[in-house]
Amino acid sequence: NAGVTQTPKFQVLKTGQSMTLQCAQDMNHNSMYWYRQDPGMGLRLIYYSASEGTTDKGEVPNGYNVSRLNKREFSLRLESAAPSQTSVYFCASGPQGGNSPLHFGNGTRLTVT
Amino acid sequence: QQQVKQSPQSLIVQKGGISIINCAYENTAFDYFPWYQQFPGKGPALLIAIRPDVSEKKEGRFTISFNKSAKQFSLHIMDSQPGDSATYFCAASPYDKVIFGPGTSLSVIP
């Protein structure tokens, strides 16, 4: 059982470049989430998808877009990367909303120079 | 604005001691309070969770205490072990969103 799979594991971008972070889950979960983790800031919610076909902004959505491609996949896009977006990005999924355990991937470490 | 506050930022405990991490929240719509444990290079994993209709929940060496009127909850780790050394996050959920605290780095020394 793979659980939540994130690709790539590492990425270096130049300022202004774009990229898409991929996330897929094989647990038939309805809800999916994107977080960024920065030292001293904990995990901050970027966007979430409570169910297939819906997406909503979290705490720090500026500079990001998301697509819930199907029930399994939830991608995060940076259209024009900035150094402030240097972070570790985690994707998570849960059976139904936030009132159930979230399962996390192992993260994507992104550096923007 | 941090909707979930957590303290201390870091904690050093001797093996066999009790580790205590405290959290506070502001939004009374929160109705699910999980704790997650994260090891270096890995994603967080659920440790234990509580709902506001109970004041305490215990699973092995881990206990959550919940004070609804004070809007506070805490994690107690009894008989702390070196293998418990990790970062701990409290979180709160108003159904769809899950909001995390800033984390506590716990080191258990022999």
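All values below were derived from every heavy atom in this structure, side-chain atoms included, with hydrogens, water molecules and symmetry-related copies excluded. Note that this is a predicted model, so its numbers are computed, not measured.
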task: For Gln3(B) and Glu59(A), test the side chains for any donor-to-acceptor distance below 3.5 angstrom and give the result as yes or no.
output: no
message: Tell me every residue that passes side-chain hydrogen bond (donor to acceptor under 3.5 Å, both in side chains) with Glu79(A), counting only those two or more places apart in sequence or in another chain.
response: Arg77(A)
- prompt: Which atom names give the shortest non-hydrogen contact between Gly40(A) and Pro102(B), and what distance separates them?
  reply: O-CB, 3.7 Å
message: Between Arg51(B) (side chain only) and Asn99(A) (backbone N and O only), is there a donor and an acceptor less than 3.5 Å apart?
response: yes
field: Side chain, backbone, both or neither of Pro44(B) within contact of chain A (heavy atoms, under 4.5 Å)
entry: both
Expected list for residues 69-77 of chain B: side-chain donor-acceptor pairs under 3.5 angstrom, two or more places apart:
| unit_1 | atom_1 | unit_2 | atom_2 | d |
| --- | --- | --- | --- | --- |
| Ser69(B) | OG | Asn67(B) | OD1 | 2.9 |
| Lys71(B) | NZ | Glu26(B) | O | 3.2 |

query: Would a hydrophobic clustering, with Ile, Leu, Val, Met, Phe, Trp and Tyr connected at side-chain separations under 4.5 Å, put Met32(A) with Leu45(A)?
result: no
- request: May I ask you to test the Tyr36(B)-Leu43(A) pair for a side-chain heavy-atom distance under 4.5 Å?
  value: no
field: With Gln37(B) via side-chain hydrogen bond (donor to acceptor under 3.5 Å, both in side chains) - residues at least two apart
entry: Tyr88(B)
- prompt: Are Leu13(A) and Leu76(A) joined in one hydrophobic group, where the rule is that I, L, V, M, F, W and Y side chains link up if heavy atoms are under 4.5 Å apart?
  reply: yes
message: Between Met19(A) and Val88(A), is there shared hydrophobic-cluster membership here, with clusters defined by ILVMFWY side-chain heavy atoms closer than 4.5 Å?
response: no
task: Using a cut-off of 6.0 Å, state whether more than 12 heavy atoms not belonging to Ile12(B) lie near its atom CD1.
output: no
query: chain B contacts: which residues in residues 100-113 of chain A have a non-hydrogen atom closer than 4.5 Å to it?
result: Ser100(A), Pro101(A), Leu102(A), Phe104(A), Gly105(A), Asn106(A)
message: For residues Ile48(B) and Phe30(B): do they belong to one hydrophobic cluster (side chain heavy atoms under 4.5 Å, members Ile, Leu, Val, Met, Phe, Trp, Tyr)?
response: yes
- prompt: Are Val4(B) and Val60(A) connected, step by step, through hydrophobic side chains (Ile, Leu, Val, Met, Phe, Trp, Tyr) whose heavy atoms are closer than 4.5 Å?
  reply: no
message: Tell me the closest heavy-atom pair linking Tyr48(A) and Asp96(B), and the distance in Å.
response: CE1-CB, 3.6 Å
field: Shortest non-hydrogen contact from Phe90(A) toward Gln38(B)
entry: CZ-NE2, 3.4 Å
Test item: Gln37(A) and Phe89(B) side chains (from C-beta on) under 4.5 Å apart, heavy atoms: yes
